[in-house]
Amino acid sequence: MDIKGINIQKILDEMSLDEKLAMLVGKGGWNICGNEEIPSVKMSDGPHGIRMVSDLTDGGQFAAPATCFPTASALACSWDKQLAFEIGAALADEATALGVNVVLAPGVNIKRSPLCGRNFEYYSEDPLLSGEMGGAFIRGVQSQDVGACLKHFACNSQESYRMISDSIVDERALREIYLKPFEIAIKANPAMVMCAYNKVNSTYCSENSYLLTDILRDEWGYKGVTVSDWSATHNLVKAVRAGLDLTMPSDRDLFAYDLEREIADGSLSMETINKSVRRLIELTDNVYLEPSGSIDYEAHDNLAYKAAVSSAVLLKNDGILPITPDKSIALIGKYATNPVYQGGGSSQVNPPRVASALDAFTEIERGVEVISGYGAESEILNDELRSAAVVASASADVCLVFLACADEAEGYDRNGLRLPSDQDKLMEALISAGRKVVAVLNTGGAIEMPWALRVNAILQVGLAGQQSALAAVDILTGRANPQGRLSETYPQRYRDCILSSYYGKDPVADYRESIFVGYRYFDKVGMQVLFPFGYGLSYSDIRYTKMTVKRLGEYDFTVSVSLKNVSPRGAFEVVQLYVSDINGFVPRPLRELKGFCKVYVDADSTVTVDIPLSYESFSFYDAEREKWSVFAGTYEISVGSSSRDLPLRQSIVLEEGNAILPNSRPPERYYKVEGSFTLEEFESLIGRKVNFYKPPVKGEFTTYSTSKEISSTFAGKQIVKMLKKRATVDGKLDSRQLEQMLNMPLDALMFFGGDAFTPVMLRAIVDLANGKTIKGISGLLNRKSDIKKIKRKEYDKQLKARKN
Ligand code: BGC
């Protein structure tokens, strides 16, 4: 269907109410409802490759073959916006070939805790880096007339209790840390913005008018479509009122009648509905393309390789790397032959080819010895594998040990920052036996490395997509020069993280550390870390030689930085610029990233790069005055190759700033962050008590309640038993997945549960749990009935009662 140039107003005028409402509630798992005039737009995940599945519950392994690029966590380590653009454009080409019109990516949520199970889908702990990479990705996707969908708006930084969690966050942290990447990326004008599952300050994101309307539309001027995360809508009327245009997946009539009724009552205006429908038609006009072309797998394979090389971070090297041709190599660990290159969940791609490290060595005709080393079912067998690996590697000049968590997935947080113990034990055994050991990491984020000081080299390849092993081998053997820089801090131990004592413990997640996330905390307290934010090595030697700061306006500057490569090998460098407010009028992190630039420096030569600074580089969110403010005074600009290696520094003075002093000071601790804030201090910061989670009791259950919650009643227990039985038939769900299901609101269960869970049955379950036995049983018996009709009848009854 050719759509370009349609008359949107005419289509809107001619649509019936039913057609309009149908557009707001999605069609099946992946489409927006079209009609005779407008085609149905198709959406698909995801962030590092197209996951085009036909059924909602199909895993990525059933998706149409598509190139698997590095995950966002890896790509961010390239600090290369042009690369993010190119990957976005390549994804869009694949999308069009597969008949997909909107790519459900990028995710720009902040890595608040290294334990967040979905960190591999996100870019960074830093808002600027996240927002810039996300924005570049969106521009790339949309350069090919395909839509991008910025997600998950907002404060979706944990997977534990992910569908019911409540992120309690103070306004300043909300603006400076959690919303900032969205604010930056929105400038790329994504076709869609997806709201998150969680609540923010006790209101579900899908019903949060502060986020969806006041900030997104009124402040940021966003004109595109807002969509729910899949089954994040619990009350469509509230959601539409709050500014949500589209609920996904199809609501199977659970909500549709509520909207009809509110419109008929006059309590929901047709203007509101029309606005959303108009945006959806505009979206269709902008992004709909008939499937066309075919995937150029080879070109995209090359791009995936380039991206993997750009993203790998060399964390340590005592000189063992690059491995020279005369050295014998042992490849140790199952991931050497069975690579870990992406995480699990909705972003999982089904690539046409994946090479292992063994394949890569074979390709370059380099003989290696393969040794297993870990990964057996039992501890005894692992002990045996380990001893055998120590013996077998005796004659190798270099042991390359491939390490990975291998269970990083959407829906679950990690249990700790350690690798599976058999891998750490193997590292210890090899090191103790005097082997020359190089750790090759394929993780989506920070891990603890108790052996870091004693190992010869560490290469973090990340979850770098289908070409990750080829890139790793080329870097290890010196065919490529490492160029990645960490996009997050690697703490020495998890307990060093400011939130380690309270993160993920309660569905009500207090963001007690406020703005002190990642390096903003470690730097403030001067804590030693394993590897700092922005850090990474190469095989070259680049020096920072000169910085000049040129003033262009009141707050506008150009910072020029000269770099000299004093080695015989050309290399990329990531120039990082941090700003420190040293006035002390308001508590701030010690320094914050305010600009960066990736540049190639030829062997034995010098380059100069320019990095701009503006009002935004100096401002903080002034929660008291509800605006961004800058204090007049002195700021230090520091430049270098990581947040902890900043050889060039210069102070500047902002004279004309609107120097204002806050009326009321934030809590004392805010000034001299030592450990985490106490709960009382946090409460004084947000100006209210944190109401931690209290499970609802009989009589209080709603369709928002979880299966776990209703299991506290007799009827609920029976229902949960039934659910568990269904869910585990044929080993459908493992114990982690089951736990996740039990923590899903019942209405979400209906979306994911397939046809077995009808809307009427859902209500019956709630009635039974609330002790309304007769109503509940009748609901169960009539579970196949039409929920719209039932609701209509109930409403007529209510009206009659009111009239009498
Ligand atoms: C994820 C989204 C994804 C959606 C559709 C949800 O579970 O949170 O990121 O786009 O599913 O697959």
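For ligands, and for the atoms within them, numbers begin at 1 and follow the listed sequence.
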Item checked: Heavy atom of Met248, distance to ligand 1 below 4.0 Å -> no
Next item on the list: Provide the number and element of each atom of ligand 1 under 4.0 Å from a heavy atom of His152.
Entry: 2 (C), 8 (O), 9 (O)
Margin query: Do Tyr502 and Glu513 pair up side chain to side chain, a donor and an acceptor below 3.5 Å, judged on atom types alone?
Written below: yes
Checklist line | Subset of ligand 1 atoms that lie under 4.0 Å from at least one heavy atom of Tyr197 | finding: 6 (C), 7 (O), 8 (O)
Next item on the list: Note the single closest protein heavy atom to atom 3 (C) of ligand 1, along with its residue, its atom name and the distance in Å.
Entry: Asp45 OD1, 3.2 Å
Checklist line | Atoms of ligand 1, numbered as shown, that sit under 4.0 Å from any heavy atom of Met194 | finding: 10 (O)
Note to self: Checking a contact table here: which protein heavy atom is nearest atom 8 (O) of ligand 1, and how many Å away?
What the structure shows: Asp229 OD2, 2.6 Å
Notebook entry, point to check: Relative to the heavy atoms of Arg162, which atoms of ligand 1 are at a distance of less than 4.0 Å?
Noted result: 7 (O), 8 (O)
Notebook entry, point to check: Does ligand 1 have an atom that lies less than 4.0 angstrom from a heavy atom of Glu121?
Noted result: no
Notebook entry, point to check: Does any N or O atom in Arg118 lie less than 3.5 angstrom from one in ligand 1, N or O only?
Noted result: yes
Next item on the list: Find all atoms of ligand 1 within a distance of less than 4.0 Å from any non-hydrogen atom belonging to Trp30, and give their numbers and elements.
Entry: 5 (C), 12 (O)
Next item on the list: Using only heavy-atom distances, determine whether the side chains of Asp45 and Ser347 contain a donor-acceptor pair under 3.5 Å.
Entry: no
Notebook entry, point to check: So is Met43 close enough to ligand 1, meaning a heavy atom under 4.0 angstrom away?
Noted result: no
Checklist line | Test: Lys199 and Asp166 ion pair at under 4.0 Å | finding: no
Notebook entry, point to check: Which distance, rounded to the nearest 0.5 Å, do you find between the OG of Ser167 and the CZ of Arg112?
Noted result: 7.0 Å
Margin query: Evaluate Lys151 for polar contact with ligand 1, using N/O atom pairs at a separation under 3.5 Å.
Written below: yes
Notebook entry, point to check: In terms of ring plane angle, is the pair His300 and Phe69 parallel, tilted or perpendicular, where the classes change at 30° and 60°?
Noted result: tilted
Notebook entry, point to check: Mind checking whether His234 and Tyr204 have parallel, tilted or perpendicular rings, split at 30° and 60°?
Noted result: tilted
Item checked: Cationic tip of Arg217 above Tyr222 ring, under 6.0 Å, 45° of axis -> no
Next item on the list: Would you check if there is a donor-acceptor pair between the side chains of Ser346 and Arg118 at a distance under 3.5 Å?
Entry: yes
Next item on the list: Run the numbers for me: atoms of ligand 1, each under 4.0 Å from some heavy atom of Leu104, listed by number.
Entry: 10 (O)
Next item on the list: Answer with yes or no whether the side chains of Gln467 and Asp301 bring together a donor and an acceptor at under 3.5 Å.
Entry: yes
